[in-house]
Amino acid sequence: MAQHQIEIVISKDGQVKVHVKGAKGKACVEYAKWLAEVVGKIKSQQLTSEYYEPDSKAGIDLHQQAKG
Amino acid sequence: MSTVCILVPVIVGSWPSIVGAVTGAAAALGFVVQEAVKEVGKSAQSQQQTERVELEIDNSQIAGQLQSNRQIILTKGDVRLVVSRDHRGRFTVCAEAKGMTKAELEQIARQFAQKVTQCFVYDKVMRELKAKNFHIVSEEVMADEAIRINVRRFVD
């Protein structure tokens, strides 16, 4: 079971810095895209080495809702 | 590391969701809500010699045509803030006070607008994170007033 971590920093003017950790390949971009839809729009994005590593399992399910 | 991105907030929501962020910002900055959700035009007009600065918030759109032209009045000492939704649906902050310069009032209005934006974004992000089964690992307010949230979730 993989662990995906996100560090979110909301600055005092509301701008948001998102750092996705542990998610490889397209999964990290999917998280960033989802949070961009929640907050507003992407100003800048930087991919790091982990993005280019093969996915342990392709894709993530961000459409799954919380239970209860 | 895998990706780092910077997101610009867009305030899109209903009037009640904005009211929540406004009251949160008011509490954080020491303002007192005098009159909540009031119809524009019924409030007392500004007295003479009172400086007034109006600030329109970029990237804001408050939904609900039937609830247009509503406002919240906040005070802190001699400063009066009027937060409203204009006829185009945009979120505006108007600062008024006697004995203050326009620059000082603009700074107060801008600081308040930023705090409302931060509160709005925080509420929305936390709601979405919980809906997607993220576990909040840590949350802290930093020295520069930024809020840092660490979340995690396990995937198969």
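The sequence lines fix the lettering, A, B, ..., with proteins before strands; numbering per chain opens at 1. Keep in mind that the numbers below use all heavy atoms, side chains included, and drop hydrogens, waters and symmetry copies.
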Of Glu140(B), Glu139(B), Glu128(B), the largest count of non-hydrogen pairs under 4.5 angstrom with chain A goes to Glu128(B)

Shared ILVMFWY cluster between Ile6(B) and Leu47(A), side chains joined below 4.5 angstrom?
no

On a heavy-atom basis, the closest approach of Tyr122(B) and Ile10(A) is CA-CD1, 3.6 Å

Legend entry - Hydrophobic cluster membership, Val79(B) vs Ile72(B), 4.5 Å side-chain cutoff: yes

d(Ile8(A) CD1, Leu129(B) CG) to nearest 0.5 Å is 4.5 Å

Turns out that what part of Lys115(B) lies under 4.5 Å from chain A's heavy atoms comes down to backbone

Value for CG (Asp13(A)) from CD (Gln118(B)), rounded to nearest 0.5 Å, stands at 8.5 Å

Heavy-atom neighbours of Lys102(B) NZ exceed 12 at 6.0 Å: yes

Chain B shares the most heavy-atom pairs under 4.5 Å, among Val39(A), Val9(A), Leu35(A), with Val39(A)

d(Gln3(A) CD, His135(B) NE2) to nearest 0.5 Å is 10.0 Å

Nearest heavy-atom approach of Ala32(A) to Thr3(B) is CB-CG2, 4.4 Å

Legend entry - Plane angle bin for Phe134(B) and Tyr31(A) - parallel if under 30°, tilted between 30 and 60°, otherwise perpendicular: perpendicular

Correct closest heavy-atom pair for Gln15(A) and Leu7(B) would be CG-O, 3.3 Å

Applying side-chain contact (heavy atoms from CB on, under 4.5 Å) to Glu56(B) and not counting sequence neighbours gives Asp86(B), Arg88(B), Arg90(B), Thr92(B)

- Task: Consider only side-chain heavy atoms of I, L, V, M, F, W and Y, link residues closer than 4.5 Å, and tell whether Val12(B) and Ile18(B) are in one cluster.
- Result: no

Among Glu7(A), Lys17(A), Gln5(A), the residue with the most heavy-atom pairs under 4.5 Å to chain B is Glu7(A)

If one checks every heavy atom of Asp144(B) against chain A at 4.5 Å, the contacting part turns out to be backbone

side-chain contact (heavy atoms from CB on, under 4.5 Å) test vs Val16(A) passes for just one of Val8(B), Ile149(B), Ile147(B), Val121(B), namely Val121(B)

Under a 4.5 Å side-chain heavy-atom rule over Ile, Leu, Val, Met, Phe, Trp and Tyr, are Val137(B) and Val155(B) clustered together? no

*Same cluster for Val83(B) and Leu29(B) if Ile/Leu/Val/Met/Phe/Trp/Tyr side chains link at under 4.5 Å?*
yes

Check: Okay, side chain of Lys124(B), backbone of Val38(A): is any donor-acceptor separation there less than 3.5 Å?
Finding: yes

